[in-house]
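Start at 1 and go down the list; that is how both ligands and their atoms are numbered.
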Amino acid sequence: MIMPATIIIGAQWGDEGKGRAVDWLAARADVVARYGGGDNAGHTVYVGDKVYKLHLMPSGILRPQAACILGNGMVVNPVNLLKELDELHALGVDVSPERVKISTKAHIITPAHRALDIASEKALGNKAIGTTLRGIGPAYLDKTGRRGIRMGEMLSIEDFAEAIKKSIETANHVLLKHDEPLLNVQEITEEYVNAAQKLRPYIVDTTHYINQRLREGAHILCEGAQGTLLDVDHGSYPFVTSSNPSTGGALIGLGFGPKYVGDVFGVTKAYCTRVGAGPMPTELFGDIANRLRGTGENFWDEYGTTTGRPRRCGWLDLVLLRYSADINGLTSLVITKLDILSGFDELNIAIAYDVDGVRMDYPPSTIPELERAKPIYETLPGWHDDISHVRRYDDLPTNAKQYLQRISEWCDLPISMISVGPERDQLIVMDEK
Ligand code: GDP
Ligand code: IMO
Ligand code: MG
């Protein structure tokens, strides 16, 4: 039986190439739904000669037959959402309310959340998390603190204006204590009321919509943002985001049950990157890191889509990838950016850690231990051929195939897709080999 829901998640620290993988799978989806995070996400999709940078919209928006959902698990900055809708519209993408649906239960990010994010990072000094400063943490804090404002409140403009006004006033008390500049209550209220007028047609009960579509047998693709190792429960807390990017988050963040779930794709780069602070056992410095990162000339070089920050780079970490497979119940791996590894004589993959002289096959769950974890590497021969034109697994260099095979063996998972370049078609789809 073909299960109607597919989940696609980041198996590392985000930026694994989820957007391009979703774009591919969305060709056969009826609905593509984001279930968590906000505009801290940056998903780059390259189609033909156009590069799309999506932050709040599901990457399925580039496939005209797919309806797109912003689920209840998301935190939405309405002003930035309107900008994104306008940009996509200008590029000829249909972003009408017939296609795009925002959950009444998604929470709203205000300038107060952004100001509090900045203030909190400043106060942490050299212990800062390195957030994207988009107000994500403070917005989820208001959600769990039961004082958040939800998209559904936009449907009653007067009450909405009052709620925004109150929330900015409350934030100003906190900002005053932090010696931070105060926010203009009236200006923000007007801006948000204006945004509400425009967004109202998009706001619906997406939980009801999704369940109805699932019952009809529609194929729903759940698009993860961030990555498993940034999960507030399962990531390297506190160096995490404030949501659950892992599989469980998809069910909560959209409101349907596990009986519909079939495939769970875990997207991983062929190496590792991380933006922001926190442990990264296989991190490299110097020539190899610079080589993986690229110079920044190409849009796919390792500089954040949202913040432009250089990403930390390192060898592939199979200890964490196996952990990620457990947390998410992955059914297969999607391996991206294999082309970037062309040109190395040798490649390392971490297969275990040495923590204070003890070999560990599973990541330690405390930060100090994870910081002391020294990777134990298996070294594999590299390849020098340009693989960006390869479309069939069999046409890959032998050493590239061996590299992929080792990943698959160590994780005990099949590989379903391999990308060898950023463009939509630069992809090897395994069951089509
Ligand atoms: P996401 O947040 O997981 O969607 O990933 P991002 O879009 O933030 O980062 C991935 C970057 O790598 C983007 O610039 C993609 O265009 C690019 N990319 C994705 N797959 C490949 C690939 O196979 N090869 C190369 N060179 N670039 C890729
Ligand atoms: P996509 O969807 C990479 C990281 C930030 C920081 C931590 C907390 O493009 O993969 P936040 O602003 O969420 O409070 O920051 O999480 N982070 C990401 N890193 N890709 C992302 O999204 C990220 N979203 C958040 O860098 O370390
Ligand atoms: Mg990204």
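Close approach of ligand 2 to I129 (heavy-atom distance below 4.0 Å) involves ligand atoms 27 (O). Residue-ligand proximity, V420 to ligand 1, at heavy-atom distances under 4.0 Å covers atoms 23 (O). Taking every non-hydrogen atom of A225 and a distance limit under 4.0 Å, the qualifying atoms of ligand 2 come out as 2 (O). Residue contact check: H43 has heavy atoms under 4.0 Å from atoms 1 (P), 2 (O), 4 (O), 7 (O) of ligand 1. Contact atoms of ligand 2 toward A41: 1 (P), 2 (O), 9 (O), 22 (O) (distance under 4.0 Å to a heavy atom of the residue). For ligand 2, the atoms sitting less than 4.0 Å from at least one non-hydrogen atom of K18 are 1 (P), 2 (O), 10 (O), numbered in the order shown with element in parentheses. The contact set between ligand 2 and W13, taken as ligand atoms under 4.0 Å from a residue heavy atom, comprises 3 (C), 19 (N). Close contacts between ligand 1 and E16 involve ligand atoms 3 (O), 5 (O) [criterion: under 4.0 Å to a heavy atom].
Stacking of K101 on the aromatic ring of Y209 is recorded, both the 6.0 Å distance cut-off and the 45° axial limit being met.
A donor-acceptor contact closer than 3.5 angstrom links the side chains of T366 and E369. For the 3.5 Å distance criterion, the side chains of T228 and H234 fail to qualify, holding no donor opposite an acceptor.
Nearest-heavy-atom check against atom 9 (O) of ligand 2 across G224, G42, G276 picks out G42. Compare I8, L427, T44 by their heavy atoms: the one nearest to atom 13 (C) of ligand 1 is in T44. Remark: among candidates L338, D339, V22, the nearest residue to atom 24 (N) of ligand 1 is D339, based on non-hydrogen atoms.
Of the polar atoms of E16, none of the N or O atoms is found under 3.5 Å from an N or O of ligand 2, judged by distance alone. Ligand 1 has no N or O atom lying under 3.5 Å from any N or O atom of K269, backbone or side chain. Considering backbone and side-chain N/O atoms, G421 comes within less than 3.5 Å of an N/O atom of ligand 1.
Contact check on E223 versus R34 returns no salt bridge, with no Lys/Arg side-chain nitrogen under 4.0 Å from an Asp/Glu carboxylate oxygen. Contact check on E302 versus K337 returns a salt bridge, with a Lys/Arg side-chain nitrogen under 4.0 Å from an Asp/Glu carboxylate oxygen. By the 4.0 Å N-to-carboxylate-O rule, D15 lies close enough to R311 to be salt-bridged with it. With respect to E121 and K127, no salt bridge is recorded, no charged nitrogen being found less than 4.0 Å from a carboxylate O. Using a cut-off of 4.0 Å between Lys/Arg side-chain N and Asp/Glu carboxylate O, D23 and R20 are scored as not salt-bridged.
Residue contact check for ligand 1: Q226 places no non-hydrogen atom closer than 4.0 Å to it. Not a single heavy atom of R311 sits less than 4.0 Å from an atom of ligand 2.
With respect to atom 10 (C) of ligand 1, the closest heavy atom belonging to the protein is D15 O, 3.7 Å. Ranking the protein heavy atoms by distance from atom 13 (O) of ligand 2 puts T241 OG1, 2.6 Å first. Given atom 26 (O) of ligand 2, the protein heavy atom at minimum distance is R309 NH2, 2.9 Å. Nearest protein heavy-atom contact of atom 20 (N) of ligand 1 is R20 NE, 3.1 Å. Nearest to atom 12 (O) of ligand 1 among the protein's heavy atoms is K337 NZ, 3.3 Å. Of the protein's non-hydrogen atoms, W300 CB, 3.6 Å is the one closest to atom 17 (C) of ligand 1. Among protein heavy atoms, atom 5 (C) of ligand 2 sits closest to G130 O, 3.6 Å. Regarding atom 23 (O) of ligand 1, its nearest protein heavy-atom neighbour is S419 OG, 2.5 Å. When hydrogens are left out, the protein atom nearest atom 27 (O) of ligand 2 is V275 O, 3.1 Å; that is the closest non-hydrogen contact. In terms of protein heavy-atom proximity, atom 15 (O) of ligand 2 is closest to T131 CA, 3.3 Å. Of all protein heavy atoms, the one closest to atom 20 (N) of ligand 2 is D15 OD1, 3.2 Å. The protein heavy-atom contact nearest to atom 12 (O) of ligand 2 is T132 OG1, 2.6 Å. The protein heavy-atom contact nearest to atom 6 (P) of ligand 1 is G42 O, 3.6 Å. For atom 4 (O) of ligand 1, the closest non-hydrogen atom of the protein is G19 N, 2.8 Å. With hydrogens left out, the protein atom closest to atom 23 (C) of ligand 2 is Q226 CG, 3.7 Å, a heavy atom. Nearest non-hydrogen protein atom to atom 16 (O) of ligand 1 is F299 CE1, 3.4 Å.
K122 contributes no side-chain N or O that, together with a main-chain N or O of A128, makes up a donor-acceptor pair within less than 3.5 Å. The backbone N or O of I109 sits nowhere less than 3.5 Å from a side-chain atom of R114 that would complete a donor-acceptor pair. At least one donor-acceptor pair closer than 3.5 Å links the side chain of T247 to the backbone N or O of N328. Between the side chain of T336 and the backbone N or O of E16 there is at least one donor-acceptor pair closer than 3.5 Å. H113 places a side-chain N or O within donor-acceptor distance of the main-chain N or O of T110, the cut-off being under 3.5 Å. Within the 3.5 Å criterion, the main-chain N or O of G248 finds no donor-acceptor partner in the side chain of S246. In terms of modelled atom types and a separation under 3.5 Å, the side chain of Q12 and the main chain of Y271 share a donor-acceptor contact. Listed for the T331 side chain is no donor-acceptor partner under 3.5 Å among the backbone atoms of D263. When atom types are taken as modelled, the side chain of N40 and the backbone of G38 share a donor-acceptor pair closer than 3.5 angstrom. For the pair R406 (side chain) and I349 (backbone), a donor-acceptor distance under 3.5 Å is absent.
Distance check for G42 against the Mg ion (ligand 3): an N/O/S atom falls below 2.8 Å.
When heavy-atom distances to ligand 1 are checked against a 4.0 Å cut-off, I340 comes that close only through its side chain, counted from C-beta outward. Counting heavy atoms under 4.0 Å from ligand 2, residue R134 does not touch it at all. Under 4.0 angstrom from ligand 2, there are no non-hydrogen atoms of R274. With a 4.0 Å cut-off on non-hydrogen atoms, R311 touches ligand 1 through its side chain and not its backbone. The residue F239 has no part lying near ligand 2, judged by heavy-atom distances below 4.0 Å. In L230, the part holding a heavy atom less than 4.0 Å from any atom of ligand 2 is the side chain. Contacts with ligand 2 closer than 4.0 Å are made by backbone heavy atoms (N, CA, C, O) of V240 only, the side chain lying farther away.
Atom OD1 is the N/O/S atom of D15 found closest to the Mg ion (ligand 3).
Residues E153 and F160 come closest through the heavy atom pair O-CB, 3.2 Å. Residues A139 and V75 share a closest heavy-atom pair of CB-CG1, 3.9 Å.
Between P310 and R293 the shortest side-chain heavy-atom distance falls below 4.5 Å.
No close placement of the Y46 and Y52 rings is indicated, their centers lying 6.0 Å or farther apart. Ring to ring, W315 and F344 are close: their centroids are under 6.0 angstrom apart.
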